[in-house]
Amino acid sequence: MTGRVIMLVDFDYFFAQVEETRNPSIRDKPVVVCVYSGRSEDSGAVSTANYIARKLGVKSGMPIALAKAKLQNVEAVFLPVDNVFYEEVSERIMALLRNSADNFEQVGIDEAYLEVSQKTKGSFESVAELAQKVKAEVKAKHNLTCSIGVGPNKLVAKIAADIQKPDGLTIIKPEQVTVVLFPLPVDRLIGVGTKTKAKMQALRINTIGDLAKYDAQRLIEVFGKNLGLYFHNASLGIDDEPVRERGEAESISRISTLKEDTRDLSAILEKVDGLCEEIHADLLRSGHSFRTVGISAVMKDMSIRSRSRSFENRSSKLEVLKEAVKELFEKLLSESDLEVRRAGVKVSGLAKDEKSQRQLTSFIE
DNA sequence: GTATGCTTTCGGC
DNA sequence: TTACGGCCGAAAGCATAC
């Protein structure tokens with residue numbers, strides 16, 4: 001029994017690259033793909049930018065006006081996001097990638113894990129060739145570059161893919177795993193966020209190597225059995241998570257920027273009722289009901305608040321959703337005295353409702 | 001002491 | 001000088017159960 005061979009394929013600066021492919025004449029300029037909020041000419045944020053723009057200081061999440069300031073001396077291209085189109089392109093590329101894998105797992109719109117243990121007969125010697133073939137195919141059929149990381153599991157493949165991009169290929173053989181991982185900062189591991197990083201720093205754990213040589217029993221005492229064990233294994237590049245197709249999303253949410261900052265409940269509801277209707281339409285389409293309703297608000301000072309409630313009995317009714325959303329915004333307003341800038345709605349705890357459950361069951365039978 | 005489940009916040013893309 | 005989206009899952013924090 002040989003080990004697994006896993007690739008992580010990550011499309012480079014995806015939205016902006018798709019725009020370059022759609023209109024090659026912009027390729028040699030900074031390209032900035034933006035979400036315009038509609039509040040004023042340039043209000044909104046940068047979704048992603050090509051590497052020419054990045055080199056000039058443009059970053060994801062940055063205000064559009066700031067990106068324009070950084071590019072004021074060059075001929076740059078600013079485009080609105082076209083999610084429907086990116087979704088279509090993504091679906092076609094994912095279908096192509098699926099063909100090159102024994103097992104396949106899409107992660108978000110621009111990433112996928114390909115288990116290629118059988119295709120490569122478990123050999124890291126032949127995987128470079130296969131990875132090059134995947135890159136060439138994506139390039140030939142979709143005129144898009146991607147970066148690929150290869151390792152003996154998902155954890156290592158993910159870290160590998162980040163090492164060289166864009167248009168990169170990084171292969172970490174099983175015997176190289178610890179040498180490559182140990183010098184990296186601990187927060188490169190999934191599961192280590194700001195708080196955990198700080199907690200680890202207090203224990204003098206800064207790199208993955210520090211984590212690996214830390215006593216496993218002590219880790220369990222500090223972080224609990226589950227997390228402690230996970231951190232210990234992850235530091236050694238050990239990960240048994242299978243590569244498998246993901247189910248449907250666990251939550252559906254919509255958020256929108258208000259015309260102006262306000263604390264007026266009816267003005268907020270006017271906007272969020274529409275969001276509820278969109279979410280409800282999605283639920284009908286997918287045949288899901290929800291158990292939890294949540295709202296979120298970005299306040300005048302850009303701080304974020306959220307409230308949520310779960311129901312004993314699940315529902316897929318629009319009125320239930322709207323009523324809960326109203327109640328939650330009342331609560332949020334009563335607990336803060338800032339004006340609201342953006343307002344959002346989320347449903348989670350999703351499950352197929354009975355009707356489509358029966359249809360699904362009879363379909364399987 | 002650890003697991004579990006819920007709510008809220010964080011962070012990547 | 002300032003400037004500020006939308007969506008998702010992960011992380012964190014807390015209460016309660018075991």
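The chains referred to below are lettered A, B, ... by the order of the sequence lines, with proteins before strands, and numbering in each begins at 1.
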So, A:E327 and A:R307, do they make that salt bridge, N to O below 4.0 Å? no
Heavy atoms under 4.0 Å, any strand shown: does A:I109 hit a base, just sugar-phosphate, or nothing? nothing
So which of residues 64-84 of chain A are in contact with DNA chain C, with a heavy-atom cut-off of under 4.0 Å?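 Residues of residues 64-84 of chain A under 4.0 Å from DNA chain C: A:A65, A:L66, A:A69.
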NA contact type, A:R39, heavy-atom cut-off 4.0 Å: base, sugar-phosphate, or nothing? nothing
Interatomic distance, A:R309 CZ vs B:dC6 C1' [rounded to whole Å]: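 It works out to 14 Å between those atoms.
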Students often get this wrong, so: under 4.0 angstrom with heavy atoms, is A:G193 touching a base, only sugar-phosphate, or nothing? sugar-phosphate
Between the side chains of A:E241 and A:K154, is the shortest nitrogen-to-carboxylate-oxygen separation below 4.0 Å, so that they form an ion pair?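 Not counted as a salt bridge, because no side-chain N and carboxylate O are separated by less than 4.0 Å.
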Reading DNA chain C 5' to 3', which nucleotide is the first, and which the last, to come under 4.0 Å of any heavy atom in chain A? C:dA3 to C:dG13
Here's a test of your reading of the structure: between A:R305 and A:N226, which maps to the more 5' nucleotide of DNA chain B? A:N226
For B:dT9, take OP1 and OP2 only and decide whether either is under 4.0 Å from a side-chain N or O of A:S306. yes
Contact class for A:T196 vs. all strands (heavy atom < 4.0 Å): base, sugar-phosphate, or nothing? sugar-phosphate
So, does A:S310 get its side chain near the phosphate of B:dT7, meaning an N or O under 4.0 Å from OP1 or OP2? yes
Classify A:G344 by what it touches in the nucleic acid, base, sugar-phosphate, or nothing, heavy-atom distance under 4.0 Å.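 It contacts nothing in the nucleic acid.
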Select base, sugar-phosphate, or nothing to describe what A:R246 touches, counting heavy atoms under 4.0 Å on all strands. nothing
Taking CD1 in A:I190 as the centre, count heavy atoms belonging to other residues, nucleotides or ligands within less than 6.0 Å. Is the count above 12?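 No, the 6.0 Å shell around CD1 holds no more than 12 heavy atoms from other groups.
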For A:R307 and for A:G224, find the nucleotide of DNA chain B with the closest heavy atom, then tell me which residue's nucleotide is more 5'. A:G224
Would you say A:F11 and A:F15 are hydrophobically clustered, going by side-chain heavy atoms of ILVMFWY under 4.5 Å? yes
Quick one: on DNA chain C, does A:T257 or A:I190 contact a more 5' nucleotide (nearest heavy atom)?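 The residue closer to the strand's 5' end, by nearest nucleotide, is A:T257.
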N-O pairing of A:K322 and A:E319 below 4.0 Å: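 No.
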Looking across every strand, which nucleic acid part, if any, lies under 4.0 Å from A:V192 by heavy atom: base, sugar-phosphate, or nothing? sugar-phosphate
In terms of the nearest nucleotide of DNA chain C, which residue is placed more toward the 5' end: A:M302 or A:E248?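 It is A:M302, whose closest nucleotide lies nearer the 5' terminus.
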Are the charged groups of A:R254 and A:E277 less than 4.0 angstrom apart, N to O?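 Judged by the 4.0 Å cut-off on N to carboxylate O distance, A:R254 and A:E277 do not form a salt bridge.
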Does a salt bridge link A:R263 with A:D337, judged by any charged N lying under 4.0 Å from a carboxylate O? no
Does NZ or CZ of A:R54 fall inside the cone over A:Y13's six-membered ring, less than 6.0 Å from its centre and within 45° of the axis? no
Any carboxylate oxygen within less than 4.0 angstrom of a Lys/Arg side-chain nitrogen, looking at A:K317 and A:E323?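 Looking at A:K317 and A:E323, the cut-off is not met.
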Among the nucleotides B:dC13, B:dT9, B:dT2, which one has an atom lying closest to any side-chain atom of A:K158? B:dC13
